[in-house]
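Right, one structure below, let's go through it.
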Amino acid sequence: MGLDRRGFVKFVVGGVAGTLFTPVIWKGLDDAAIWSQNWGWIPRVPKGEVKATPALSKLCPSGCAVKVKTVGGLPFAAIGNADNPMSKGGVCPICAGGAQLLYSPARVKSPMKKVGEGKFEAIKWEDAEAMLVEKLTSFKGQDGKIAAISGDETGTANEVVSALLSGLGNASGFCVMPGEMYTATKGVKLMGGNGQPGFDIAGADLVLMIGADALDSWGPSVANQKAFAASHPTGAAATAQFIYAGPVLNNTSSVCDKFLAVPPTATAAFSLALANALINAGAVCSASDFGDYKALAAKYTPEAFEKATGLKAEALKDLVARIKAAKAPLVIAGASFGQGAGALDFVAGASLNVLLGRVGQSGGMTLLPAAPKALAAATDRAEAKDAGSFLAQVATGKASPAVLLVYEANPAFALPQADAMAKALGNIAFKVSFSTYMDETATLADLILPAPHPYERFDDAMNPYGVAKPTYLAGKPAMAKPVMDVKDPVDVLLAAGSKLGLSLGFETYADVIKAKAQAVGADFDTLASGGAWTGEGKGGGLSLGAAALAKAPVAKADDKAVALAPVTKLACGTADLATPPANLLTIRDTELKGKDLFVQMNAATAKKLGVTDGNKVKLTGGSGEVRARVHVNEGVAADTVAMLLGFGHSAWDQYTKGKGDNVYKILTVSDEAGTGLKVWAGSTVTVAKI
Amino acid sequence: MSGHAVKEFKVTWGMVIDLDKCTGCGACMTACQVENNIAPMADASNKMRTLSWMLVFELSNKKAAPDAEIAYLPRPCMQCGNPACVPVCPVVATDKNEEGGIVSQIYPRCIGCRYCMAACPYHARYFNWEDPIFPKGMEKALSPNTSARPRGVVEKCNFCHTRFMKAKDKARQEGGNPEALADGAYMPACAEVCPTGAITFGDLKNPEHKVHELAKGENAFRLLEKLGLHPQVYYVSKREWVRKLGDNYAATGHAGAEKKHS
Ligand code: SF4
Ligand code: SF4
């Protein structure tokens, strides 16, 4: 066997960087672990009829269309719904472990009120709802006193929350957690258009992703993966090229035909240098600002490209040749971690679609018109305030709400400069957290109202960011009764509204969703049994955004700082979900080991910073610092350090609490020139050995 | 080499895993854990203790930035035609004798000696150092398809064997032939959920099953071919460096090269 084992060891040692590999220690048989089949309690497997029920699993940001497998009525697994175009049978890693999350130790089991610092007492729903109504009554009609933060990008629940706020005289109090949907929609406005941008990956023969981690954590990732898979049949020639330009050799770029390592501070410069090279290679377009755009792009010479990205100019030449040879190229621009990029990074990338004449074309960029609302009084999706700016105002006293409703969001953890945000929350006297899990924000709340898990509720998803066509999904509960003493937050808010004399026209979220379906022109029953409604994406005469781009700041060079590339990996969790129990195994021991999170950088960067593999370091940026160990990884762009987001929880459960550090703490928020947006995708940090 | 001959079966379940499609998302690992009732561990970063029947390796071309490339390699049990683990088991707790060629693991019979783990060059076998402990209530989400294993026994991927039994039962009930299941009638959990369709599963001997041709493709290879264990899991990659790594004994590096077995 010696030969055999050596063979595999050679394979592993030679080829595996950062393994999950479990070497067998074949020595010192541990008597303490002597087996017995009869010791201890071994759980028995359930018996009963096995069924598969369609559901909308909004555990991941875009939501998966799944079939929940139940035994004797209890869910135990989830598979993709082959009949739904968003799934085509695939499921994301989070939704694949959705059944186990029903019983997460972090679940809020019943309504609770705060009775002391970090202390809560279980109360009855009746009392909890009375408390909510009492607080809302005291501040009704006082503008600026009631606010809400929603972490749900796609649900019609947002209409109810914002309509309620407006009925309470606080229409401007509706805020949303960061996401690209908002910045991209603003970007479209800067290009003279209207609507949420969509990307027809399935129809393109070259997909250039600038930042956007489209095959793992960006957009409708399962649908994107399916589109990629269709163009890459096993055992046959690929029919499309996928190219990734971003800071880290991530899951998306691992299967791309080409990876271009671009620091997160150089995203716009990369796009504009590409524009310049394309124009020099003959690209023209009829947009009225082509002249200005051309002049602007001309500044981004191949030399400037090399300086900004650390890549060789040949890489740009090769990219231009590939794009020119493609029939249906598509450019998707976004931050590598799905947030914090300004509208200008988006415009710089999206302008390439305009330049190449790809807007409104099959396999191109589309524009999705605003969906009809179920509640007329609701805030338009694109008009919502961003939660970070709002809490920054709370911190400085510019805003002074007395009541904050938090819906499916964890602002105390998942906003840049997280510590400062958590502190700002402390300035708000009464906070209500509608949450399924005991997250960091719930632990700061005065009233916690447990929300159902996706299998226990009605919910919907309108136009998840990135879809090429208007798309609507809806789901109903997949089990007879919820596991915990939960109520749908929307039902609670509608009831509170009616006690406050504000009839929003509905009694339950189910009714709201049915009305939404009707407004959209979809059949609710079809949707609830796993179907999807789709409309048509449009084109629209977009400009190249030259006027806005002229204001794009030139990245400042700072010798001591390196660019920070936060990395999202769906399996590690999301902004409002810590790593689920069934996903823990997927985390590599070069990403997290024990309680230590790793910071990844290439050997040249490590040398510059004077650190080596395994060193403990402190990263400082924004208003905070995080600790990590160094892992040298050649897949990280020049002068950039990369770290996984989603760790360093102080709440949640034994699987996640106290593991690693929270990268949100060291993101630096700045104002984007010309748009007034808050941005943090180009954050820099200093790294010091400890 | 063990000296045992390759066992031939009329039906040979196998996989062809396309390494140019796998994004390393981990959905297969999660689905496997769920299907097979693997309890979550408080410290899953202790890879000496975790149970990963399906494990996604990260391979690197070892080149410096910006030429670095990575690939992900999902590794279930190879269900070898000539398994190294079977002959070393003193109590015949693992065997290869069922039509379909799946290497069995009989938990009540396993005495935990771990000879099989030492013998398996693919490290596909795992030892239960602890009893499975699910957080309170989570045992209600156990899958009906796999019994939970106590501490002290070795376990591994069995191509979701219960699904095979169920597929055969279904074929019987519907008047079909359980010995000639249609392509897709039997599908392990990992292959079922994979969002990129990287894992193709089927009967390698059945020309009507996709894997039959795919396994013969010019870029197909098996891990450590030269060991002669005849895995029923094949991999495909157009990337030469990936093929070389997976097949570092036999690979000539040329697409379509004759596979050499010892
Ligand atoms: S589910 Fe598919 S794409 Fe994801 S890691 Fe597994 S094999 Fe790879
Ligand atoms: S075939 Fe089944 S047991 Fe084997 S790796 Fe896949 S899911 Fe796990």
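Nothing here was measured: the structure is a model prediction, and the numbers come from that model.
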In terms of side-chain heavy atoms, does A:Gln225 have a donor or acceptor partner in B:Thr23 at a distance below 3.5 Å?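 Yes, because at least one side-chain N or O of A:Gln225 sits under 3.5 Å from a partner of the opposite role on B:Thr23.
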
For the pair B:Tyr122 (side chain) and B:Leu223 (backbone), establish whether a donor and an acceptor sit closer than 3.5 Å, ignoring hydrogens and angles.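 Yes; at least one donor-acceptor contact below 3.5 Å.
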
Quick one: do B:Arg151 and B:Glu130 make a salt bridge, cutoff under 4.0 Å?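 Here B:Arg151 does not pair with B:Glu130 in a salt bridge, since their nearest N and O are not under 4.0 Å apart.
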
Any ion pair linking A:Glu634 and B:Lys63 (charged N to carboxylate O, less than 4.0 Å)?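 Between A:Glu634 and B:Lys63 there is no salt bridge, as every charged N stays at least 4.0 Å from the carboxylate O atoms.
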
Just wondering, do B:His230 and B:Glu225 contact through their side chains at under 4.5 Å, heavy atoms?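 Side-chain contact under 4.5 Å: no.
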
Residue, of [options], that accumulates the most heavy atom pairs under 4.5 Å with chain B:
{"options": "A:Lys226, A:Lys569, A:Lys659", "result": "A:Lys226"}
{"options": "A:Val45, A:Leu570, A:Asn251", "result": "A:Asn251"}
{"options": "A:Val222, A:Asn602, A:Val71", "result": "A:Val71"}
{"options": "A:Ala96, A:Ala582, A:Ser221", "result": "A:Ala582"}
{"options": "A:Ile79, A:Leu102, A:Asn250", "result": "A:Ile79"}

A:Phe242 ring center within less than 6.0 Å of A:His232 ring center: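 Yes; A:Phe242 has its ring centre under 6.0 Å from that of A:His232.
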
Need one label for [X]: side chain, backbone, both or neither, based on atoms under 4.5 Å from any heavy atom in chain A.
{"X": "B:Val193", "result": "both"}
{"X": "B:Cys22", "result": "backbone"}
{"X": "B:Cys25", "result": "both"}

A:Ala603 versus chain B, heavy atoms under 4.5 Å apart: side chain, backbone, both or neither?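 Neither part; nothing is under 4.5 Å.
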
